[in-house]
Amino acid sequence: MNQKVRHILDTIASMFPDAHCELHHSNPFELTIAVLLSAQCTDETVNKVTASLFQKYKCPEDYLAVPLEELQQDIRRIGLYRNKANNIQKLCQLLLDKHGGEIPRSHEQLTELPGVGRKTANVVVSNAFGVPAIAVDTHVERVAKRLGLAGPDDSVLEVEKKLMKKVPRDEWTLTHHRLIFFGRYHCKAQNPQCEVCPLLDICREGKRRMKTGGSRKSKP
DNA sequence: CTCCCGATAT
DNA sequence: ATATCAGGAG
């Protein structure tokens with residue numbers, strides 16, 4: 001394996017040794033609902049909503065037993081709530097019709113579920129079923145491009161392929177979580193901590209930022 | 001590509 | 001006021 005890649009993996013491993021899934025859940029069904037809800041929304045907000053949501057709705061039948069408008073109101077604070085409520089009910093009906101009420105284990109079956117795309121399916125198979133995968137979300141995409149693990153104009157699918165090629169398969173899931181923690185808490189979208197970043201010397205984006213302006217809100 | 005969308009940080 | 005948040009579907 002490439003030495004720069006090894007250096008990156010070791011560094012983020014020492015920064016975030018206990019990176020994990022931050023969406024609260026207690027089974028594959030809850031995880032799938034939580035990830036579906038997490039689109040364009042923070043994990044923190046999702047957890048606030050699912051705390052009560054998962055007490056009220058425990059199985060597909062529960063989500064189908066209420067009017068769509070009621071489910072919409074129950075997840076309103078998440079945002080994109082009309083699409084998401086609709087997808088949840090369709091997903092639950094499909095689980096009952098074709099999968100015995102259970103979340104399917106295969107990536108292909110998962111992406112056939114309404115509201116479940118490639119990224120969500122990757123999160124579910126890796127976190128719930130132990131299948132190695134690298135889900136490319138907004139954080140993974142940003143970090144991979146800043147560090148040069150992917151090209152600046154690569155699609156999320158291209159980013160995923162390049163990461164899978166560069167990272168050993170048995171490290172995919174852990175690396176995925178560490179890249180997210182690194183992106184969420186250190187290499188942030190708005191105020192990246194380049195000044196104290198142990199990867200600054202191998203980061204083009206970081207060095208570019210340190211030259212041209214650095215910290216954007218400094219004094220005269 | 002556009003739309004969906006409220007909560008939070010900056 | 002604007003940017004961003006564990007995206008997906010049409």
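A, B, ... follow the sequence lines: proteins, then strands. Residue 1 opens every chain.
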S.K.: Can you find a side-chain donor-acceptor pair between Ser26(A) and Glu30(A) that sits under 3.5 Å?
M.R.: yes
S.K.: Taking only residues two or more places apart in sequence, or in another chain, which ones meet Phe129(A) in a ring-ring contact (aromatic ring centres under 6.0 Å, His included)?
M.R.: none
S.K.: Listed in order of residue number, which residues of residues 138-152 of chain A have a non-hydrogen atom at under 4.0 Å from DNA chain C?
M.R.: Thr138(A), His139(A), Arg142(A)
S.K.: Could you tell me whether the side chain of Asp137(A) and the main chain of Ala39(A) form a donor-acceptor pair under 3.5 Å?
M.R.: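 Side chain of Asp137(A) to backbone of Ala39(A), a donor-acceptor pair under 3.5 Å: no, none is there.
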S.K.: Among all residues two or more places apart in sequence or in another chain, which pass the ring-ring contact (aromatic ring centres under 6.0 Å, His included) test with His177(A)?
M.R.: none
S.K.: Given Asn87(A) and Leu113(A), is the side-chain contact (heavy atoms from CB on, under 4.5 Å) satisfied, shown in steps?
M.R.: CA-CA 8 Å; Asn87(A) 283 334; Leu113(A) 302 174; over 6 Å; no
S.K.: Can the ring centres of His20(A) and Phe181(A) be said to be less than 6.0 Å apart?
M.R.: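 Yes, the ring centres sit under 6.0 Å apart.
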S.K.: What's the gap between dT10(B) and dA6(C) when it is taken at their P atoms, as a whole Å value?
M.R.: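 Nearest-Å result for dT10(B) against dA6(C) at atom P: 13 Å.
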S.K.: Going only through I, L, V, M, F, W and Y residues with side-chain contacts under 4.5 Å, is there a path from Leu163(A) to Ile8(A)?
M.R.: yes
S.K.: Check the distance between dC5(C)'s C1' and Glu22(A)'s CD and give it to me in whole angstrom.
M.R.: 13 Å
S.K.: Between Arg208(A) and Glu205(A), is there a salt bridge with N-O shorter than 4.0 Å?
M.R.: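 Yes, charged N to carboxylate O under 4.0 Å.
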S.K.: Does Leu36(A) reach a base, just sugar-phosphate, or nothing at all? Heavy atoms under 4.0 Å.
M.R.: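 Since no nucleic acid heavy atom lies under 4.0 Å of Leu36(A), the category is nothing.
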S.K.: Closer to the 5' end of DNA chain C via nearest nucleotide, is it Gly115(A) or Ser38(A)?
M.R.: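 Per heavy-atom nearest nucleotide, the more 5' residue is Ser38(A).
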S.K.: Once each nucleotide of nucleotides 1-8 of chain B is scored for protein heavy atoms under 4.0 Å, what B/S/- sequence comes out, 5' to 3'?
M.R.: ---BBBSS
S.K.: Check whether any side-chain N or O of Lys166(A) sits under 3.5 Å from a backbone N or O of Leu149(A) as a donor-acceptor pair, and report yes or no.
M.R.: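 Confirmed, Lys166(A) side chain pairs with Leu149(A) backbone.
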S.K.: Just to be sure I understand the geometry, which residues of residues 158-180 of chain A put a non-hydrogen atom under 4.0 Å away from DNA chain C?
M.R.: His176(A), His177(A), Ile180(A)
S.K.: Between dA7(B) and dG8(C), how far apart are the two P atoms, rounded to whole Å?
M.R.: 22 Å
S.K.: Of the residues in residues 102-113 of chain A, which ones touch DNA chain C at a heavy-atom distance under 4.0 Å?
M.R.: Leu113(A)
S.K.: Taking NZ, NE, NH1 and NH2 as the nitrogens, is one of them in Lys56(A) or Glu70(A) under 4.0 Å from a carboxylate oxygen of the other?
M.R.: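 Here Lys56(A) pairs with Glu70(A) in a salt bridge, since their nearest N and O are under 4.0 Å apart.
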S.K.: Regarding Tyr81(A) and Asp74(A), do their side chains bring together a donor and an acceptor under 3.5 Å, going by distance alone?
M.R.: no
S.K.: So, Arg76(A) and Gln73(A): side-chain donor and acceptor under 3.5 Å apart, yes or no?
M.R.: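 Gln73(A) and Arg76(A) do have a side-chain donor-acceptor pair below 3.5 Å.
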S.K.: Heavy atoms only, 4.0 Å cut-off, all strands: where does Val136(A) land among base, sugar-phosphate and nothing?
M.R.: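 The answer is nothing, as Val136(A) stays clear of every strand by at least 4.0 Å.
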S.K.: Answer yes if Leu64(A) and Ile33(A) sit in the same cluster of Ile, Leu, Val, Met, Phe, Trp and Tyr residues linked by side chain heavy atoms under 4.5 Å apart, and no otherwise.
M.R.: no
S.K.: Using atom CD of Gln89(A) as one end and atom C1' of dA9(C) as the other, report the distance to the nearest whole Å.
M.R.: 18 Å
S.K.: Check the orientation of Tyr185(A) and Phe16(A). Use parallel for under 30°, tilted for 30 to 60°, and perpendicular for over 60°.
M.R.: tilted
S.K.: Nearest whole angstrom, please: distance from the C1' of dG7(C) to the CG of Asp137(A).
M.R.: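 Nearest whole value for this atom pair: 10 Å.
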S.K.: Roughly, in whole Å, what's the span from NZ in Lys90(A) to P in dG8(C)?
M.R.: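 Taking NZ of Lys90(A) and P of dG8(C), I get 17 Å after rounding.
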